[in-house]
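Here is the structure we will look at, set down as structure tokens.
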Amino acid sequence: MSEQKKLNIVADVLGKYYVSGEEYIFKCKFCNHHKRKLSVNIEKNKYKCWICESSGNDVRRLVRKFGSRDELSEWDKLTNRTNILDFESIFAEKQEEIEEKVRLPKEFIPLLRDTKSFHAKQVMKYLVDRGVTQGDIKDWKLGYCSEGEYAGRVIIPSFNDSGYVNYFVGRAYGTAFPKYKNPPVSKNIVFNELMVDWDKEITLVEGVFDAIVAGPNSIPVLGSYIKEDGNLFQQIVNHGSTVYLALDPDAEKKTKKIIEKLLSYDIKVYKVDILPYTDVGEMSKEEFLERKSKASFLNDKNYLLYEAINSL
């Protein structure tokens, strides 16, 4: 009965369908192809579009992305996902919180515009030494300041999901002190949310250069911990995203708390082994991808065993 009710919800969200074996074939709202090419398997809880290749292991994501709040609520009741409903209710008012306006320093110079001046060459050498590529510079919209309050620093901007700057990190590329100088605004953001696809796995790291190494869909938490009532945690839970944790080893206690809290909201969690490095930024991109491919999958059943083995 519950499978039929789930199908009814998906049909309300996606429209008409036809049956092919165990699968129901809908029009895909990701690519809006004129033919029905989105295959949904209610029993296996999977979906895939054979045109744009959008896919997932949780049909709930289709309901969340394209359906109404009432339809998502009904789905969660069918799957006993009441903790998520409670979470959304508790923090509903926080979602309406007005984000602080942030402007990049007036002295900010995009590196895509200037790579040949004396200061730009210094910045480029610093970035190349850290393994940053021209593609990274373009994707992360990196720039620098040679004068002003943020003089001598690489500037890594963050854009919210509407495309507006909501934060930036200033990292010294020479002898400027302190090493990091950031704007005096709240860090309760999703850094570069404009580039985040919540329907795909996300990787959480500590700093922006860690995120550059970790690759697409990596989010720097700007520290070593994420709060349960923070914007980042809230978005992860609301979207049901799969999380790869690659935080610095010296913050192991905080990492354990994050894992336990994510598991309590039924989030799929993988832990990437960073040792003997002190952070992801010390690795090459290739090595990090290899380690990520071998990440430990954690759930309520194996987490305690994992902790016991790794404490030996």
Side-chain angles (χ1 to χ4, degrees), residues 99-196 203-224 232 246-248 250-251 274 277-289:
E99 194 171 67
E100 295 180 76
K101 292 182 179 180
V102 179
R103 290 186 178 182
L104 292 174
K106 62 181 180 180
E107 300 86 1
F108 174 80
I109 301 175
L111 275 170
L112 289 176
R113 184 187 304 169
D114 173 27
T115 58
K116 297 182 179 180
S117 71
F118 172 76
H119 291 290
K121 288 180 180 178
Q122 286 185 310
V123 176
M124 290 300 298
K125 182 181 185 308
Y126 169 79
L127 293 175
V128 170
D129 288 345
R130 296 203 63 155
V132 178
T133 66
Q134 285 288 345
D136 296 328
I137 291 172
K138 179 180 179 181
D139 292 342
W140 289 82
K141 300 175 177 57
L142 303 185
Y144 72 96
C145 292
S146 61
E147 55 185 18
E149 184 180 359
Y150 295 88
R153 290 179 171 82
V154 180
I155 303 297
I156 306 97
S158 167
F159 300 87
N160 65 17
D161 58 357
S162 298
Y164 294 101
V165 177
N166 60 355
Y167 199 78
F168 65 84
V169 170
R171 204 311 183 172
Y173 57 84
T175 58
F177 182 83
K179 185 185 297 185
Y180 284 96
K181 185 175 178 60
N182 305 330
V185 297
S186 172
K187 291 183 180 180
N188 186 23
I189 61 164
V190 177
F191 196 95
N192 240 1
E193 187 173 5
L194 181 66
M195 303 302 293
V196 176
T203 303
L204 297 185
V205 295
E206 290 201 14
V208 289
F209 285 99
D210 298 330
I212 291 174
V213 170
N217 241 35
S218 298
I219 304 174
V221 304
L222 304 177
S224 57
L232 175 56
L247 303 180
D248 298 358
D250 62 2
I274 305 301
Y277 297 100
T278 59
D279 59 45
V280 174
E282 293 183 351
M283 300 183 192
S284 68
K285 294 177 182 178
E286 293 74 20
E287 182 168 6
F288 178 78
L289 286 177

Sequence neighbours left out, cut at 3.5 Å: what donor-acceptor pairs do the side chains of residues 168-180 make with other protein atoms?
| from | atom 1 | to | atom 2 | distance (Å) |
| --- | --- | --- | --- | --- |
| Arg171 | NE | Tyr126 | OH | 3.2 |

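When all heavy atoms are compared, the tightest approach of Glu206 to Asp250 is OE2-OD1, 4.4 Å. When every heavy atom of Gly143 is checked against every heavy atom of Phe108, the shortest pair comes out as CA-CE1, 3.3 Å. Taking both residues in full, the closest heavy atoms of Ala211 and Val205 are given as N-CG2, 3.4 Å, listed atom of the first, atom of the second, then distance. Shown here for Thr203 and Ala214, the closest heavy-atom pair between the two residues is CG2-CB, 4.3 Å. Across every non-hydrogen atom of Tyr150 and Pro183, the tightest pair is OH-CA, 3.7 Å. Val213 approaches Gly281 most closely through the heavy-atom pair CG2-CA, 4.1 Å.
Within the 4.5 Å cutoff, the side chain of Asp248 has no heavy atoms near those of the Ile274 side chain. You'll find the side chain of Leu247 stays beyond 4.5 Å of the side chain of Ser224, heavy atoms only. Taking 4.5 Å as the limit, some side-chain heavy atom of Asn217 sits within range of a side-chain heavy atom of Val196. Residues Phe209 and Asp279 have side chains not in contact (no heavy-atom distance under 4.5 Å, counting atoms from C-beta outward). Lys106 places none of its side-chain heavy atoms less than 4.5 Å from the side chain of Glu149. Looking at heavy atoms from C-beta onward, Tyr167 lies out of side-chain contact with Asn188 at the 4.5 angstrom threshold. Counting heavy atoms from C-beta on, the side chains of Ile189 and Asn160 never come closer than 4.5 Å.
Between the CE atom of Met283 and the OG1 atom of Thr278 there is a distance of 9.0 Å, given to the nearest 0.5 Å. Rounding to the nearest 0.5 angstrom, the gap separating the CD1 atom in Ile137 from the CD atom in Gln134 is 4.5 Å. Note: Ser117 OG to Leu111 CG = 8.5 Å, rounded to the nearest 0.5 Å. Note that CD of Glu193 is 7.5 Å distant from CD1 of Ile219, once rounded to the nearest 0.5 Å.
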side-chain contact (heavy atoms from CB on, under 4.5 Å) between Leu222 and Asn182: does it pass, once the steps are laid out? CA-CA 11 Å; Leu222 304 177; Asn182 305 330; over 6 Å; no

Step-by-step side-chain contact (heavy atoms from CB on, under 4.5 Å) determination, Leu142 to Val132: CA-CA 10 Å; Leu142 303 185; Val132 178; 4.1 Å; yes

The test is side-chain contact (heavy atoms from CB on, under 4.5 Å); show your working for Ile156 and Phe191 and say whether it passes. CA-CA 10 Å; Ile156 306 97; Phe191 196 95; 4.1 Å; yes

Kindly determine whether Lys121 and Met124 satisfy side-chain contact (heavy atoms from CB on, under 4.5 Å), including the steps that lead there. CA-CA 5 Å; Lys121 288 180 180 178; Met124 290 300 298; 5.6 Å; no

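Remark: the Glu287 side chain and the Tyr277 side chain contain an N/O donor-acceptor pair separated by less than 3.5 Å.
Applying the side chain to side chain donor-acceptor pair (under 3.5 Å) test to Ser218 and every residue at least two apart in sequence or in another chain returns nothing. With sequence neighbours left out, Lys125 forms a side chain to side chain donor-acceptor pair (under 3.5 Å) with Asp129. For Asn192, the side chain to side chain contact (heavy atoms under 4.5 Å, CB included) partners are Trp140, Phe159, Met195, not counting sequence neighbours. Applying the side chain to side chain contact (heavy atoms under 4.5 Å, CB included) rule to Glu147 yields the partners Glu107; only residues at least two apart in sequence or on another chain are considered.
Note on residues 130-144: pairs passing salt bridge (charged side-chain N to carboxylate O under 4.0 Å, His left out), not counting sequence neighbours, are Asp136-Lys285.
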